[in-house]
Every structure is written in structure tokens, then in C-alpha cells.
Amino acid sequence: MNETLSETATTQRHDPTRLPTMHVGRSELIERITAALPEDGKIEPIEGLHLHRASSLTELVHGVSDPAVCVIAQGSKEVFLGDERYRYDPANYLLTTAELPVVAQVVEASREHPYLSARLELDPALVSDVMVETGHLSSSRTNDVRALNVSPLDTGLFDAIVRLIRLLDSKEDATFLAPLIKREIVYRLLMGEQGRRLRHIAVFGDQRHRIAEVIARIRQSFDEPLRIDDVANELGMSVSGLHHHFKAVTAMSPLQFQKRLRLQEARRIMLAEHLDAASAGYRVGYEDASHFSREYRRLFGHPPLRDVERLRAGAG
């Protein structure tokens, strides 16, 4: 990436002495993910549960995050949101609470000790239900909490995730027990260090609800001109207020957010549909092909044609 990346103060380093009671559980987690994924790749063995294995370091991968909790059994990974970097490992978990354009990279992996991870999607309806049942409703103090962060993994949350992955041994048990364990995981998150952040997912009509509307609008119509004044007026916000709250949640301005989505989609359709750069740029909202190429190179590090050729060669 050509952008300047700064490591956040929330980044956690692995401390092997901090959670000694989790050692046995982590060994089990490694064994179970390895059994489910004997080769590198990704699978979704239970609805919403995604397992990933990589035996080598990966290049930077651009994508859009889903609301999810991510736990690593072995190895480590870095996620970039805007100009901020978040690194997590077996001692720390990552929580994302909005659909955000992010860049990710496995930074610790080998054939002997492959990167192994589990990511559980978080259903907003389930989060809302648990919040209401526990009485931990949303408050205005959570407006400016970033929608992505890393925190130390506690034993309660880790144990629930291990028990969810144990269900891979029995589809019959998974049908009945997986929803209960997912509910427990949401509860553990809500009661943990990132409980305030989790409230982003369950919106109750404050500023976060408006920011969620803006995110949804940009994602649905990223190829159309974004008129910030009109959006702010429709939501009953000032332009400065919209920028402040949007950046607090996403680490980007609305226009930067839209640009990331446009360029990621252009890259996808050039690879999938074999479109030329000018046509792909036009489809995602760029009228000027040279402007599109400059912004594409600034984000991905290569001009469109060279980047796509490089990616195809790597895939082959």
C-alpha cells in the first residue's frame, strides 16, 4: 500500500504467559481446524462460521468486512482500516461491527505452523435480542466508537468458540446447539471489553443509526455521485457533524469510503468479467479514465492492467 500506515495504540502483542489456562483449548482448536481444513483454503462448515488456513504469508487483500468476531488459533494477521493498522493473534480477537472497506494480510504462517482462524458472523437481530434481554441497551456515549478494534481474548469467549467448533463432529448436535452457543458468544462479547463497540450492530435511533444509513446508501449506490450536503440534510445533520461521526466509526470520510468501494469493485469486475480499465472505471462511477487509473494505482500500487495481470498470474 502507498498510504502511510500507523499502528494503533490498541494493537496487542502475544503474551504467552497471560492466559496459561487456555493452552489446552488452543491445542484443541488447532487440531480441529486442521482436521476440517487439511489444505489451505476457507470453508463455512456451520452457517456463519468461517474457517481459514494459510501455510504462507499472504499479500494485502482488499475487501469489505462483515460484522463479525475473529479468533486466531495459530499465526497472526494484520487488518488496515483507512490509515490505521490492527494486528491480532491467538491472545487477541478482532471485532468488526459494520461493513467497512478493509485491507488484510496474514503476517505469521508457515507449512509447519499454518495460520488457522475462525470468523463468526454476528447477526444484528441476535445482538439486539441479547442486548434487550440483558438490559445492556445502547447509549449516546457509544457514538464515536470505531467499528473495528482488537482486544485480549478472555477465557469465557474462547471457551464458547471452542465449543462451537466442536459441533463440527455432529451435524445433528450443531442444528440444535449452534444457535445457543452463538447467543452465548454475543453475550460474552457484550459483557467484555468491546461491549460498547458491539452496540454498533444493534442500532436504536441515535447518531449511529444515521451513520449506518450513510454506509448502506454508499454501498448500494457507490457508482453514483455522493452529495454530502444533500445526505446531511436528509438525515438532519450538519455536514461537519456527518463527517465527524462517519470518520469516528469508519476511520474515513464518506468520500474516501466511496472511493475505496469503487476501486475494489472495479478490480473485481476486471478480474471476473475481463473488462478493460476504462470500462471498469466508467461502470463504478469514474468519467475520466486517467483519473481512475491514478486513484487505482494509489490504492493498489500498480496501474489497473498490470495489477490484474499480476493477480491472474498469481492465481494460476
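Values below: all heavy atoms of this structure, side chains included; hydrogens, waters and symmetry mates excluded. Owing to the predicted nature of the structure, the values given are computational and were not obtained by experimental measurement.
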| message | Between L299 and L305, is there shared hydrophobic-cluster membership here, with clusters defined by ILVMFWY side-chain heavy atoms closer than 4.5 Å? | response | no
| field | With D307, the side-chain hydrogen bond (donor to acceptor under 3.5 Å, both in side chains) member among R312, H302, R267 | value | R267
| Reference residue H62; test ring pair (Phe, Tyr, Trp, His ring centres under 6.0 Å); the match among F300, Y296, F80 | F300
| task | Find the distance between CG (L157) and CZ (R188) and round it off to the nearest 0.5 Å. | result | 8.0 Å
| request: Apply side chain to side chain contact (heavy atoms under 4.5 Å, CB included) to the pair E39 and R53, showing each step before the final yes or no. | output: CA-CA 7 Å; E39 302 293 338; R53 173 177 176 149; 5.9 Å; no
| query | With a cut-off of 6.0 Å (strictly less than), are more than 12 heavy atoms of other residues, nucleotides or ligands near CD of E273? | reply | yes
| Pair E295-Y286, side-chain donor/acceptor within less than 3.5 Å | yes
| message | Distance alone, cut at 3.5 Å: any donor-acceptor contact between the side chains of R111 and S56? | response | no
| message | Side chains of I46 and I165, heavy atoms from C-beta outward: is any pair under 4.5 Å? | response | no
| said: Please evaluate residues L198 and V186 with respect to the criterion side chain to side chain contact (heavy atoms under 4.5 Å, CB included), reporting the C-alpha separation (whole Å), side-chain torsions for both, the decisive distance (0.1 Å), and the verdict. | reply: CA-CA 9 Å; L198 188 65; V186 170; 4.2 Å; yes
| query | Taking the six-membered ring for Trp, are F257 and F246 ring centroids under 6.0 Å apart? | reply | yes
| said: Quick check against the 3.5 Å criterion: does T34 have a side-chain atom that pairs as donor or acceptor with the backbone of I30? | reply: yes
| task | Give the minimum heavy-atom separation between S55 and D40, together with the two atoms involved. | result | OG-OD1, 2.7 Å
| task | Taking the side chain as every heavy atom from C-beta outward, state whether E99 and S65 have any atom pair closer than 4.5 Å. | result | no
| said: Determine whether a donor-acceptor pair (N or O, by modelled atom type, separation under 3.5 Å) exists between the side chain of T134 and the backbone of M131. | reply: yes
| Can you tell me how far CD of Q105 sits from CD of E78, rounded to the nearest 0.5 angstrom? | 6.5 Å
| message | If you apply the rule salt bridge (Lys or Arg N to Asp or Glu O under 4.0 Å), what do you find for E44 with R119, and how did you get there? | response | CA-CA 9 Å; E44 185 181 1; R119 175 173 62 89; over 6 Å; no
| task | Could you state whether L94 and V61 fall into the same hydrophobic cluster, counting links through intermediate Ile, Leu, Val, Met, Phe, Trp or Tyr residues with side-chain heavy atoms under 4.5 angstrom apart? | result | no
| Residue pair A280 / M270: nearest heavy atoms and the distance that separates them | CB-CG, 3.5 Å
| message | As an exercise, state the distance from OG1 of T97 to CG of L100, rounded to the nearest 0.5 Å. | response | 7.0 Å
| In terms of hydrophobic clusters joined by side-chain contacts under 4.5 Å, are V107 and L60 together? | no
| query | Any salt bridge between E224 and R262, counting N to O under 4.0 Å? | reply | no
| message | Quick test of your reading of the model: are K182 and E121 salt-bridged, counting only N-O distances below 4.0 Å? | response | no
| message | Consider side chain to side chain contact (heavy atoms under 4.5 Å, CB included). Of L235, D229, I228, N233, which one does V231 pass it with? | response | L235
| Which atoms form the tightest heavy-atom contact between D66 and T96, and what is the distance? | O-OG1, 2.6 Å
| query | When clusters are formed by joining ILVMFWY residues with side-chain heavy atoms under 4.5 Å apart, either directly or through shared neighbours, do Y282 and F292 land in the same one? | reply | no
| request: Kindly indicate, with the supporting measurements, whether the criterion salt bridge (Lys or Arg N to Asp or Glu O under 4.0 Å) is fulfilled by R183 and D129. | output: CA-CA 9 Å; R183 189 178 189 86; D129 188 39; 2.8 Å; yes
| Passes side chain to side chain contact (heavy atoms under 4.5 Å, CB included), M237 versus H245? Steps please. | CA-CA 10 Å; M237 302 177 70; H245 291 294; 3.8 Å; yes
| Closest heavy-atom contact between A36 and L168? | CB-CD1, 4.0 Å
| said: According to a hydrophobic-cluster definition based on side-chain heavy atoms being under 4.5 Å apart (Ile, Leu, Val, Met, Phe, Trp, Tyr only), do V103 and L57 belong together? | reply: no
| task | Output, in order, the C-alpha distance, side-chain angles, deciding distance and verdict of side chain to side chain contact (heavy atoms under 4.5 Å, CB included) for L148 and V79. | result | CA-CA 9 Å; L148 182 152; V79 176; 4.0 Å; yes
| message | Taking A54's backbone N and O only, do any of them form a donor-acceptor pair with T58's side chain (distance below 3.5 Å, no angle check)? | response | no
| note | Here the gap from R310 atom CZ to E59 atom CD, rounded to the nearest 0.5 Å, amounts to 5.0 Å
| field | Pairwise distance CG(D159) to CG(L29) - rounded to 0.5 angstrom | value | 11.0 Å
| task | Starting at CZ of R163, measure out to CG of L180 and round the result to the nearest 0.5 Å. | result | 10.0 Å
| request: Can you see which heavy atom on V162 is nearest to which on G25, and at what distance? | output: CG2-O, 4.1 Å
| task | May I ask you to test the P124-V127 pair for a side-chain heavy-atom distance under 4.5 Å? | result | no
| message | Strictly below 4.0 Å, N to O, side chains only: are R306 and E309 in salt-bridge contact? | response | no
| said: Test: ring-ring contact (aromatic ring centres under 6.0 Å, His included). Region: residues 101-125. Which pairs qualify, not counting sequence neighbours? | reply: H52-Y115
| query | Can you tell if the side chain of S117 reaches within under 4.5 Å of the side chain of L51, non-hydrogen atoms only? | reply | no
| message | Surrounding CD of E28 (heavy atoms of other residues, nucleotides or ligands, distance under 6.0 Å), is the total greater than 12? | response | yes
| Side-chain donor-acceptor pair under 3.5 Å between Q194 and S151, yes or no? | yes
| note | Correct closest heavy-atom pair for Y88 and I72 would be O-CD1, 3.4 Å
| Validation row: S293, P304 side chains within 4.5 angstrom (heavy atoms) | yes
| Would you call P90 and Q74 a side-chain contact if the rule is heavy atoms closer than 4.5 Å? | no
| Presence of salt bridge, R146 and E84, under 4.0 angstrom | yes
| Below 4.5 Å, heavy atoms only, C-beta onward: do N92 and L153 meet side chain to side chain? | no
| task | State, with a plain yes or no, whether a side-chain heavy atom of E234 is found less than 4.5 Å away from one of R217. | result | yes
| note | With I161 as partner, the option from I185, I181, L49, L120 fulfilling side chain to side chain contact (heavy atoms under 4.5 Å, CB included) is I185
| message | Regarding D89 and K77, does a basic nitrogen lie under 4.0 Å from an acidic carboxylate oxygen? | response | no
